[in-house]
Amino acid sequence: MAPRKGNLMSVRSDIKVLDATVRDGGLCNNFEFTDEFVTELYKANIKSGVDYMEFGYRASKKMFDPKKFGKWKFCAEEDIRNIVGDNVSDMKISVMADVGRCDFREDFIPKSESVIDMVRVACYIHQIPAAIEMIEYFHTLGYETTCNIMAISQANSEQVDAALEMLGQSSVDVIYLVDSYGSLYPESAGNLAKKYLETAEKYGKLIGFHAHNNQNLAFANTIETMSYGVSYLDATASAMGRGAGNCAMELLLGFLKNPKYNLYSILSFIENYILPLKASGVVWGYDIQYMLTGQLNRHPREAMAFTAENRSDYCEFYTSLLENF
């Protein structure tokens, strides 16, 4: 049994909390956030002691029509600067770049000229070589980097071992365990975390965790993986994120014992900005259709379509999932 790192009362200085509300939450509303929403979230995160704020994706404008998405799908340098200025806070700024969905050699300037601190490279396990090419490029530009291997619950152990070994030998700073389908339970999430942490120890890397809440386990899985030494923890305000959403920032900040983290400002932001967003019709969060895809370890796209159609015939949906299993 691998020892846990610290206990429920201890403060771990290695913990970094990353707010992914605009990036993962943007998948719920096509990234159509007002500048006021993003500015107030930025301020709330700083006051709450959050370590990183992810502003969205830097997607290719050749592949995605800017007229069909809000600006945080593309995270132009000037748009981020309009919110943060030179970011004279202790909080760092991050964006996500998807393998195959960005023009990374054209759309990134050197870190010395950018307000962005970290680029998170997202990929599926078969795209690891392409992800490493991007990571090495961002490294030469001076950025902190992560590799977020999505849908890890679908990969076999040989694939995971090979991917971790390749990333261990790369310049990446943080390797993320990502429960894209919300199908992991604390025990399985903990076991995977221990595997990732072995690589981290061998190569001097850090490990992160990004949860989805299909089975109401995003927070539980986050603190379980943290207990073994995972140190970069993703969360979103009111759990806003694709489908069933993510680990709720208010749960995580309320749990962490480090006095640098403060709950009040996030609660204020939820009250003043998240509740009106929900009232306007933006939908996310746990529901039975997401539970079913999570239990079956399936991509939530069918559950998202079910939600969009305002369906409630759970038995019919469950039967159709089993028929196509």
Side-chain angles (χ1 to χ4, degrees), residues 12-24 42 45-46 49-59 72 74-77 79-81 83-99 101-123 127-128 130-150 163-164 166-178 196-197 199-210 225-226 229-236 258 260-261:
R12 291 222 333 251
S13 59
D14 60 315
I15 296 293
K16 304 290 182 196
V17 174
L18 182 142
D19 170 71
T21 306
V22 176
R23 202 272 308 164
D24 214 317
Y42 170 70
N45 280 329
I46 291 169
V50 168
D51 300 283
Y52 289 82
M53 177 172 168
E54 187 164 62
F55 273 72
Y57 289 95
R58 184 157 285 177
W72 306 112
F74 307 100
C75 280
E77 188 75 28
D79 289 333
I80 301 176
R81 282 192 183 273
I83 304 292
V84 309
D86 289 330
N87 185 32
V88 292
S89 73
D90 291 334
M91 184 174 72
K92 294 184 175 181
I93 304 295
S94 108
V95 298
M96 183 167 274
D98 262 347
V99 167
R101 296 180 183 177
C102 64
D103 304 309
F104 68 96
R105 291 191 187 277
E106 299 167 32
D107 290 346
F108 283 86
I109 56 177
K111 163 68 195 100
S112 58
E113 301 165 31
S114 173
V115 77
I116 296 165
D117 299 286
M118 182 165 76
V119 182
R120 305 212 300 169
V121 176
C123 68
Q127 298 171 317
I128 291 290
I132 290 174
E133 180 190 6
M134 289 170 63
I135 287 159
E136 298 302 340
Y137 180 72
F138 294 136
H139 186 71
T140 63
L141 291 182
Y143 292 101
E144 295 176 39
T145 54
T146 81
C147 185
N148 295 36
I149 313 171
M150 299 181 288
L164 290 175
M166 291 167 75
L167 287 167
Q169 294 178 37
S170 79
S171 299
V172 77
D173 298 298
V174 188
I175 305 169
Y176 260 86
L177 168 54
V178 182
Y196 277 56
L197 286 159
T199 297
E201 202 167 314
K202 180 177 174 185
Y203 290 104
K205 306 297 184 187
L206 296 162
I207 302 300
F209 184 68
H210 179 88
T225 58
M226 183 192 94
V230 168
S231 52
Y232 276 65
L233 310 175
D234 283 15
T236 61
N258 190 331
K260 74 169 276 200
Y261 297 119

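The chain is numbered in sequence order, starting from 1.
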Any side-chain heavy-atom pair of [X] and [Y] under 4.5 Å:
{"X": "Y176", "Y": "V230", "value": "no"}
{"X": "D173", "Y": "Y232", "value": "no"}
{"X": "F55", "Y": "I83", "value": "yes"}
{"X": "E133", "Y": "R105", "value": "yes"}
{"X": "V84", "Y": "M91", "value": "no"}
{"X": "L141", "Y": "V119", "value": "no"}
{"X": "M150", "Y": "D98", "value": "yes"}
{"X": "K92", "Y": "K16", "value": "no"}

**OP:** Report the C-alpha separation of I175 and L164 in whole Å, then their side-chain angles, then the decisive distance to 0.1 Å, and conclude whether the side chain to side chain contact (heavy atoms under 4.5 Å, CB included) test is met.
**Re:** CA-CA 8 Å; I175 305 169; L164 290 175; 4.0 Å; yes

Taking [X] for the side chain and [Y] for the main chain, is one N or O donor matched with an acceptor at less than 3.5 Å?
{"X": "R58", "Y": "A97", "value": "no"}
{"X": "N258", "Y": "K260", "value": "yes"}
{"X": "D51", "Y": "L18", "value": "no"}

**OP:** List the steps and the verdict of side chain to side chain contact (heavy atoms under 4.5 Å, CB included) for I80 and W72.
**Re:** CA-CA 9 Å; I80 301 176; W72 306 112; 3.9 Å; yes

**OP:** I would like to know whether H210 and D24 meet side chain to side chain contact (heavy atoms under 4.5 Å, CB included); could you show each step before the answer?
**Re:** CA-CA 10 Å; H210 179 88; D24 214 317; 2.9 Å; yes

If you compare all heavy atoms of [X] against all heavy atoms of [Y], which two are closest, and at what distance to 0.1 Å?
{"X": "V99", "Y": "C123", "value": "CG2-CB, 3.6 Å"}
{"X": "N45", "Y": "D19", "value": "ND2-OD2, 3.1 Å"}
{"X": "I207", "Y": "Y196", "value": "CD1-O, 3.5 Å"}
{"X": "Y261", "Y": "I15", "value": "OH-O, 3.5 Å"}
{"X": "A59", "Y": "D107", "value": "O-OD2, 4.3 Å"}
{"X": "G208", "Y": "V174", "value": "N-CG1, 3.8 Å"}

Original post:
Taking only residues two or more places apart in sequence, or in another chain, which ones meet I132 in a side chain to side chain contact (heavy atoms under 4.5 Å, CB included)?
Top reply: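 Once residues adjacent in sequence are excluded, the partners of I132 under the side chain to side chain contact (heavy atoms under 4.5 Å, CB included) criterion are I128, E136, M166, L167, S170.
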
**OP:** With sequence neighbours excluded, tell me which residues meet side chain to side chain contact (heavy atoms under 4.5 Å, CB included) with S114.
**Re:**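 So S114 forms a side chain to side chain contact (heavy atoms under 4.5 Å, CB included) with E77, I109, I116, Y143.
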
Subject >> Within 6.0 Å of CD in E201, more than 12 heavy atoms from elsewhere >> reply: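 For E201, atom CD is not crowded (no more than 12 foreign heavy atoms under 6.0 Å).
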
**OP:** Using a cut-off of 6.0 Å, state whether more than 12 heavy atoms not belonging to R81 lie near its atom CZ.
**Re:**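 More than 12 heavy atoms, drawn from other residues, nucleotides or ligands, come within 6.0 Å of this atom.
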
**OP:** State, without any angle test, whether D234 and Y52 hold a side-chain donor-acceptor pair at a distance under 3.5 Å.
**Re:**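 Absent: no donor and acceptor within the cut-off.
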
Original post:
Quick one: do D117 and K111 make a salt bridge, cutoff under 4.0 Å?
Top reply: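 Looking at D117 and K111, the cut-off is met.
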
Subject >> Residue among R23, R120, R101 satisfying side-chain hydrogen bond (donor to acceptor under 3.5 Å, both in side chains) with Y57 >> reply: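 So, applying the side-chain hydrogen bond (donor to acceptor under 3.5 Å, both in side chains) to Y57 and each of R23, R120, R101, only R23 qualifies.
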
Subject >> Validation row, ring centre Y137 to ring centre F108 under 6.0 Å >> reply: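 Distance test on ring centres: not under 6.0 Å, no.
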
Subject >> Pair Y42-I93, side chain to side chain contact (heavy atoms under 4.5 Å, CB included): steps then yes or no >> reply: CA-CA 10 Å; Y42 170 70; I93 304 295; 4.2 Å; yes

Original post:
To the nearest 0.5 Å, what is the distance between CG (N148) and CE (M96)?
Top reply: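 N148 CG to M96 CE: 4.0 Å, rounded to 0.5 Å.
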
Original post:
Between F104 and F138, what is the ring plane arrangement, given parallel below 30°, perpendicular above 60°, and tilted in between?
Top reply: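 Taking F138 first and then F104, their aromatic rings stand perpendicular (interplane angle over 60°).
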
